[in-house]
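Values below: all heavy atoms of this structure, side chains included; hydrogens, waters and symmetry mates excluded.
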Amino acid sequence: MRVLITGGSGFVGQRLCEKLLAQGHSVQVVSRHPDRAREKLPQACDIRDSALGFADSPPEAIVNLAGESIAGKRWSEGQKNRLVESRVKATHQLVTLCEQLITSGQPVPKVMVSGSAMGYYGDQGKRMVTEETVPHDEFAHRLCARWETAAEPVKALGVRLAILRTGLVLDAGGGTLEKMLPPFKLGLGGRFGSGEQYMPWVHRDDLVAAIILLLEDDELSGIFNGSAPHPVTNAEFVKTLARKLHRPAMFPVPAFVLKAGLGEMSRLLLTGADMRPARLEEAGFKFQYPTLDKALGAILKR
């Protein structure tokens, strides 16, 4: 099938494009910078600068991963607006594409898998979090809620909608580990704050496999937590990473230092959620990397 991907040149999107092409699907990618995207993606990808540019070759499925990095810059009010708008604008464009296809008498995509994140739940302390958990109201929640709400109109257009709230994505060459590995390799790593906050995580290959399941299984719609079944606290994450690298982790970063340096954005490091993939497991999804020890072992061997 023809799969349209926003955010296709990102850390998850690149691996998703590779997997879909390997399975014989056609891949269409929306990128604000097509030339840069072509340098990262397989030649077989059809890359254009707008989802509306694919009206002449309607996608049969959509994966919506677009959005500016939430941890890229300090959260000024302007940056908060950019984080929200980058997600909402891309999602609205996909809804508009579906509306235009209906107007022109063409079939709409059968399914849209739309991104969200663990931030939807906000700080949940030590309680176990499933797709039914009531969120804690803070900026990360409001950002994800706006993102999810922007995708809702496709359901009225006949598109099956699955929303995937992802944890921290782990793999070599990017994601969460890209910034963590250098200090840890030097033996300068340590916990953030108390270390008691949960870090729901997922190996990139498992996340891509979950996206493909949601694309292919016509019975799956609604909210899904995209994280491994065994989340860990920050202290456990740090201990496991240091052990795998054969390095000490003796340099904790106090909460007040993170708050002073990052402002409100420090909540990304100092709070968390014990998020579980209840609905994915109910659907029969099997994680290749269910534990952090197995995931880091595979990643660090490369």
Side-chain angles (χ1 to χ4, degrees), residues 5 7-23 27 29 31 33 36-45 63 65-72 115 117-118 164-192 198-213 225-249 251 253 268-269 272 275 277 280 285-302:
I5 304 173
S9 60
F11 187 55
V12 176
Q14 290 180 50
R15 182 60 54 83
L16 178 61
C17 289
E18 293 167 1
K19 293 291 185 181
L20 288 173
L21 288 170
Q23 293 179 1
V27 174
V29 174
S31 173
H33 307 288
R36 293 184 204 170
R38 290 187 184 98
E39 295 175 359
K40 298 180 179 180
L41 296 174
Q43 189 174 2
C45 294
V63 180
L65 303 175
E68 185 171 340
S69 172
I70 193 169
M118 64 185 191
L164 193 58
R165 295 172 180 162
T166 62
L168 301 170
V169 183
L170 305 183
D171 204 353
T176 300
L177 289 177
E178 185 173 36
K179 293 182 179 180
M180 292 188 72
L181 280 177
F184 272 81
K185 286 180 176 179
L186 294 173
L188 300 176
R191 70 177 188 275
F192 296 140
Y198 271 90
M199 293 176 64
W201 61 273
V202 63
H203 192 290
R204 178 167 59 160
D205 286 347
D206 278 331
L207 182 60
V208 166
I211 292 171
I212 293 174
L213 173 68
N225 288 340
S227 59
H230 299 289
V232 295
T233 64
N234 174 255
E236 291 173 296
F237 190 101
V238 164
K239 182 179 178 180
T240 304
L241 179 58
R243 176 168 51 82
K244 289 293 183 181
L245 291 170
H246 307 289
R247 295 289 189 274
F251 293 90
V253 184
L268 294 177
L269 302 177
M275 187 171 81
L280 278 178
F285 183 78
K286 302 297 183 184
F287 285 85
Q288 184 178 358
Y289 302 101
T291 65
L292 182 64
D293 187 79
K294 187 173 183 180
L296 290 179
I299 292 167
L300 296 175
K301 277 182 181 178
R302 296 178 185 175

Discussion item. Do Val202 and Leu170 make a side-chain contact, defined as non-hydrogen atoms from C-beta onward lying under 4.5 Å apart?
Written reply: no
Worksheet item: Is any side-chain heavy atom of Met275 less than 4.5 Å from a side-chain heavy atom of Pro231?
Response: no
Worksheet item: Taking side chain as C-beta onward, heavy atoms only, is Thr176 less than 4.5 Å from Trp201?
Response: no
Worksheet entry | Between OG1 on residue Thr291 and CG on residue Leu296, distance to nearest 0.5 Å | 9.0 Å
Fill in: Straight-line distance of Asn234 CG to Arg191 CZ, nearest 0.5 Å
8.5 Å
Discussion item. Please determine whether salt bridge (charged side-chain N to carboxylate O under 4.0 Å, His left out) holds for the pair Arg15 and Glu18, giving the CA-CA distance in whole Å, both sets of side-chain angles, and the decisive distance to 0.1 Å.
Written reply: CA-CA 5 Å; Arg15 182 60 54 83; Glu18 293 167 1; 3.4 Å; yes
Worksheet item: Does Val12 reach the side chain of Val208, with side-chain heavy atoms less than 4.5 Å apart?
Response: yes
Worksheet, complete the sentence: The salt bridge (Lys or Arg N to Asp or Glu O under 4.0 Å) partners of Arg36 (sequence neighbours excluded) come to none
Worksheet entry | Criterion salt bridge (charged side-chain N to carboxylate O under 4.0 Å, His left out) on Lys19 and Asp205, from CA distance to verdict | CA-CA 9 Å; Lys19 293 291 185 181; Asp205 286 347; 5.1 Å; no
Worksheet item: Any idea which heavy atoms bring Ala228 and Pro277 closest together, and the distance?
Response: O-CD, 3.7 Å
Response to the item:
CG (Leu181) and CG (Leu186) are apart, to the nearest 0.5 Å, by 10.5 Å
Worksheet entry | Candidate pair Leu20 and Ile5, rule side chain to side chain contact (heavy atoms under 4.5 Å, CB included), full reasoning | CA-CA 11 Å; Leu20 288 173; Ile5 304 173; 3.9 Å; yes
Item to complete: Write down the atom of Phe11, the atom of Arg204, and the distance for their closest heavy-atom approach.
Response: O-NH1, 2.7 Å
Discussion item. Quick one, Arg247 and Phe184 - any side-chain contact, counting heavy atoms below 4.5 Å?
Written reply: no
Worksheet item: Which value, rounded to the nearest 0.5 Å, describes the distance between Met199 atom CE and Thr233 atom OG1?
Response: 9.0 Å
Discussion item. Any heavy-atom pair between the side chains of Lys244 and Ile299 that's under 4.5 Å?
Written reply: no
Worksheet item: What is the minimum heavy-atom distance between Pro42 and Leu21, and which atoms define it?
Response: CB-CD1, 3.6 Å
Item to complete: Please step through side chain to side chain contact (heavy atoms under 4.5 Å, CB included) for the pair Leu207 and Thr166, ending with a clear verdict.
Response: CA-CA 8 Å; Leu207 182 60; Thr166 62; 3.6 Å; yes
Worksheet entry | Atom pair CZ (Phe192) and CG (Leu268), whose distance is rounded to the nearest 0.5 Å | 11.0 Å
Practice prompt. Evaluate the side-chain proximity of Phe287 to His230: yes if any heavy-atom separation is below 4.5 Å, no if none is.
Written response: no
Discussion item. Could you report the tightest heavy-atom contact between Gly8 and Val29, atom names first, then the distance?
Written reply: CA-CG1, 4.0 Å
Worksheet item: Which heavy atom in Lys179 sits nearest to a heavy atom in Pro182, and how many Å separate them?
Response: O-CD, 3.7 Å
Discussion item. As an exercise, state the distance from CG of Leu300 to CG of Leu241, rounded to the nearest 0.5 Å.
Written reply: 6.5 Å
Discussion item. Within the 4.5 Å heavy-atom criterion, are Leu280 and Asn225 side-chain neighbours or not?
Written reply: no
Response to the item:
For Cys17 and Val27, the nearest pair of non-hydrogen atoms, with its separation, is SG-CG1, 3.8 Å
